[in-house]
Amino acid sequence: MGTYDFQHIEKKWQAAWKARRSFVAEPLSDKPKYYALDMFPYPSGAGLHVGHPLGYIATDIVARYKRVQGYNVLHPMGFDSFGLPAEQYAIETGIHPAITTEKNITRYLEQMANLGFHHDPDALLSTAEPGYYKWTQWIFIQLFEHWYDKQAEKARPVSELVELFAANGNHSVKAASSYRKRFSAADWAAMTPAMQSDLLMHYRLAFLADASVNWCPALGTVLANEEVKDGKSERGGHPVERRKMKQWMLRITAYSDRLLADLDQLDWTDSLKAMQTHWIGRSEGAHVEFAVKGSNQTLEVFTTRPDTLFGVTFMVVAPEHPIVKSITTPAQQGEVDQYVVWAANRSEVDRMADTNKTGVFTGGYAINPVNQREVPVWISDYVVISYGTGAIMAVPSGDQRDWEFARKFGIDILQITNEGNMEEGPCDSKDARMINSGFLDGMTGHEAIRAMVQWLEEKGIGQQEITYRQRDVIWSRQRYWGEPTPIVYTPEGVAKAMPISELPLTLPEIDQYKPSPDGLPPLGRAKGWITLPDGSTRDLNTMPGLAGSSWYFLRYVDAASTESFADPAKLAYWLPVDLYVGGTEHAVGHLMYSRFWTKFLYDIGQCPVNEPFKKLVNQGMIQGTSQMMYRHKQTNELVSADLVDNEEEYVQLHVNVSLVRNGVMNVEGFKAWRSQESHVIRLNEQGEFRTVPMVEKMSKSKYNTVDPDEICREFGADTMRMYEMFLGPIDIAKPWNTDGITGVHSFLKRFWNLYVDNDNRLAVTGEEATAEELKLLHQCIKQVQDGIERLAFNTCVPAYMVLVKELTRLGCRKRQVLEPLAVMLSPFAPHISEELWEMLGHPRSILEARFPVLNEEYLREDSIELPVQINGKLRSKVVVPADADDDAVKAIIMADEKVLQWTEGKEVKKFIVVKGRMVNVVA
RNA sequence: GCGGAUGUGGUGAAAUUGGUAGACACGCCAGACUUAGGAUCUGGUGCCUUUGGCAUGGGGGUUCGAGUCCCUUCAUCCGCACCA
């Protein structure tokens with residue numbers, strides 16, 4: 001038998017591919033294109049572990065498969081290089097984040113090269129390079145210079161908005177804007193430049209605003225909602241509090257309805273679409289104005305149930321609501337102030353943990369417009385300022401929360417439907433009939449909603465409205481390691497975009513990376529950099545990590561471009577991305593902003609597609625399988641797990657997983673690993689020391705990390721690639737377990753030996769293949785092709801295994817079979833296939849070969865063994881000719897001895913033939 | 001609480017989408033070659049009271065036929081969460 005020297009083969013071909021530039025896509029071509037994309041990684045100091053490559057292997061297989069099917073394939077890789085870890089490291093050590101990042105990238109690239117990926121070297125990018133972030137800044141400026149026209153349903157230049165204002169004020173403007181007041185052309189003309197600038201901020205898609213932000217004191221920066229999990233920062237788990245600060249924001253809410261509606265066109269999983277749908281949170285309802293008693297103010301609310309207006313017995317406003325100041329009566333002032341302060345200081349975590357309703361009465365009353373009833377106005381933090389108008393009309397007979405609140409504070413509950421018992425809880429059914437509701441009485445909720453909206457609109461006290469849960473996103477971070485915001489402030493206080501010709505605005509060198517002593521962000525330390533010769537000053541914020549990743553898939557198509565972010569012709573050719581693979585953790589962050597930026601760039605004519613990612617797959621996380629050993633609490637003796645009877649007497653300790661194979665620990669290896677300590681080790685009767693597995697997150701401290709480099713060294717990249725795919729479906733989370741890898745490895749050895757003799761010389765013959773051999777080959781082609789198309793890579797591996805086993809059994813070494821087989825295996829195991837391809841005498845790479853074409857003819861059979869069921873139970877097997885028609889099949893089967901035995905004396909009621917599958921006789 | 005998924009041998013899993021459930025691999029058992037290796041090869045391996053019967057979390061239903069479709073229930077995972 002020959003020796004499969006995978007180490008030599010893999011090194012050889014990795015070097016050859018690099019030297020020959022085998023993976024460079026043709027920039028433009030008449031060929032059909034295929035764009036296979038991975039979510040690019042943040043280059044962390046820990047390097048890749050076996051969990052990372054799962055998705056990369058999947059896209060690589062598809063890329064190589066499409067390549068041998070004749071597609072022009074773009075399969076790029078890059079790095080999301082701005083981010084907190086490198087900056088924290090810089091604060092601690094003084095080492096510039098660029099240096100750390102560069103080092104980590106080098107390591108990642110090495111590890112990826114070891115796996116033989118088809119990544120295009122010309123497309124390589126890093127978001128922290130000025131040549132890249134120049135265009136991130138450019139897009140930011142475009143957002144700053146555009147507003148959203150709701151009428152035209154697209155972004156338009158701010159210069160056009162200024163023209164509209166100058167001609168007619170904002171009377172004819174229907175914009176996505178937080179600005180509610182009306183002004184005329186004369187008003188506009190009378191404003192100072194600073195006032196005009198402030199006003200335009202309410203319209204720009206990138207704008208400055210006073211925002212209630214997630215402030216993380218430990219990190220010294222604000223965070224986006226997506227970066228906060230359970231009241232703590234996603235990175236680092238530090239506490240987060242609410243604060244009001246002036247921040248850059250992006251008006252993503254202008255695109256909410258398009259982001260929602262266009263989900264329909266996408267081939268994404270239901271759960272992912274559901275997450276985005278929920279994040280956008282569209283709800284239809286009505287906007288209603290309540291007059292405030294003894295004042296000319298109004299209290300505006302949003303409700304999805306205008307049909308319940310007659311049931312309103314109180315109002316609730318958020319503690320931060322501006323009306324609180326004026327509506328509170330002197331008698332209630334003390335209590336209200338106390339509550340407002342208490343609510344403001346309450347942490348997010350406490351608020352979420354507490355399901356008890358709290359609140360106080362303001363002393364003020366509002367007037368219900370439908371029946372002029374005076375209802376008390378309360379404040380409570382179960383109403384949140386950021387959603388709707390920050391105030392609600394409370395209908396305790398129709399809403400669980402309002403009901404609880406009314407019960408707790410002894411407020412009236414007025415039943416308005418003919419269903420439900422108000423002692424037990426509210427009734428929220430829209431099918432119930434209305435009562436106590438004036439002109440709505442007798443209608444169902446559905447009818448009443450329409451009737452009430454019409455009534456409100458006629459009276460001018462409300463209208464139909466759509467509200468979104470999605471908020472505009474805060475786009476500034478008080479950090480160093482990010483894209484500087486390309487905005488300057490004139491001495492008059494007018495914010496201006498930098499001229500495009502001056503981009504990129506590169507990061508200044510500073511002495512330390514933490515905030516300046518006077519409380520400015522780190523960029524505030526760059527004294528010479530902040531102030532410009534004309535007296536203007538620079539913005540000191542950087543952009544969030546989301547910025548660079550919101551458009552990198554566009555840059556890949558033309559990563560070296562200096563004229564524009566990418567050549568329009570190339571964008572038109574390559575987009576959209578055909579397959580995007582990555583983790584589910586980006587479901588509402590990265591994926592939402594990428595869609596937003598794509599839509600914006602599409603609006604302004606810079607991007608040919610409205611949606612960037614046609615098909616998206618979330619790969620499941622690979623967890624670690626820790627190995628635990630037992631130590632006796634008293635004696636400290638280490639005991640083989642099968643000898644442990646009473647677990648209580650033992651403690652479980654982590655063992656390095658590389659020392660354990662199939663539950664048995666390498667005792668010598670363990671002693672070497674823990675050479676400092678001496679242990680009494682008790683083995684079982686077989687002389688083994690057994691451990692027990694435990695699935696948990698992969699982590700260095702649990703000694704359960706597996707380094708892909710180590711697997712490559714021991715078994716080779718081809719084995720590693722195939723094994724990760726063999727483990728199960730890519731979208732399912734599963735624990736890594738090295739045990740089964742030998743099965744895949746010995747398959748590759750058998751595969752190798754099919755082609756070579758004992759001296760590793762090619763032993764392939766030119767004989768004509770038999771029908772049986774061709775059938776086996778084409779069965780495999782069918783399964784592999786189908787498996788890759790469905791991204792069910794785990795079903796491909798057994799197909800190869802069966803074929804190789806059968807060919808070995810038959811002693812088939814025929815070129816006619818082995819040549820297509822090598823091409824077919826090349827997406828999964830590129831190195832070994834490439835080596836054999838060369839040995840088979842092909843001067844050009846296997847990447848230039850063609851995937852074998854399936855011929856169904858070879859799969860046809862002369863006769864079929866047909867299972868026969870009688871009344872649904874398997875009774876017999878009968879051989880019939882493949883071309884027999886149903887009547888012929890019936891005749892053969894009814895004559896079968898065993899069938900006759902079963903049907904004897906019974907009437908045959910039905911006879912069902914499923915050709916090639918099954919026959920069912922019903923007697 | 002709401003939303004989305006997933007439940008198949010000792011283990012990872014497959015099942016052409018309604019047609020012989022458990023392919024393939026690990027593990028385990030037996031054997032061969034050999035001498036100690038985490039090697040290679042061969043055979044076996046869902047369960048039972050074995051001419052047969054029972055098995056895809058549980059219970060019902062549709063069907064000649066259900067892992068697959070419908071209803072119901074339980075369990076696990078993920079996401080969101082006082083959203084008016």
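First the proteins, then the strands, lettered A, B, ... as listed; each starts at 1.
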*asked:* Less than 4.0 angstrom from a charged side-chain N to a carboxylate O is my criterion; do A:Arg407 and A:Glu404 meet it?
replied: no
_Please evaluate residues A:Glu857 and A:Arg860 with respect to the criterion salt bridge (charged side-chain N to carboxylate O under 4.0 Å, His left out), reporting the C-alpha separation (whole Å), side-chain torsions for both, the decisive distance (0.1 Å), and the verdict._
CA-CA 6 Å; A:Glu857 284 297 300; A:Arg860 261 227 326 250; 3.8 Å; yes
*Would you mind telling me which of B:A84, B:C82, B:A13 lies closest to the side-chain atoms of A:Thr303?*
B:A84
*Mind calculating the distance between CG (A:Leu854) and P (B:U16) to the nearest angstrom?*
17 Å
*asked:* By nearest heavy atom, map A:Val921 and A:Gly743 onto RNA chain B; which one lands nearer the 5' end?
replied: A:Gly743
_Base orientation of B:U17, syn vs anti, 90° cut from 0_ = syn
*Using the P atom in both, what is the distance from B:C78 to B:G31, to the nearest Å?*
46 Å
*Answer yes or no: does a side-chain N or O of A:Lys749 lie under 4.0 Å from OP1 or OP2 of B:U40?*
yes
_Given B:C24, B:C64, B:C82, identify the nucleotide with an atom nearest to the side chain of A:Lys910._
B:C64
*Do the charged groups of A:Arg790 and A:Asp786 touch, with an N to O distance under 4.0 Å?*
yes
*Would you indicate, yes or no, if B:A14 has its OP1 or OP2 atom less than 4.0 angstrom from a side-chain nitrogen or oxygen of A:Asn794?*
yes
*asked:* Tell me whether A:Lys357 forms a cation-pi arrangement with A:Phe405, defined as NZ or CZ under 6.0 Å from the six-membered ring centre and within 45 degrees of its axis.
replied: no
*Of all the choices, B:C82, B:G4, B:A14, which nucleotide is nearest to the side chain of A:Thr795 once you look at every atom?*
B:A14
_Along RNA chain B (nearest heavy atom to each residue), the more 5'-positioned of A:Ala733 and A:Asn920_ = A:Ala733
_Among B:A13, B:C82, B:C24, the one nearest A:Lys734 by side-chain distance_ = B:A13
*Of the nucleotides B:A84, B:C80, B:A23, which has the atom closest to the A:Pro798 side chain?*
B:A23
*Out of B:A81, B:A13, B:U20, which nucleotide sits closest to the side chain of A:Ile732?*
B:A13
*For A:Leu727, which contact category applies under a 4.0 Å heavy-atom criterion: base, sugar-phosphate, or nothing?*
sugar-phosphate
*A:Asp739, nearest nucleotide to its side chain (from B:C26, B:G19, B:C24)*: B:C26
*asked:* Nearest to the side chain of A:Arg750, heavy atoms from C-beta on, is which of B:C41, B:C82, B:C24?
replied: B:C41
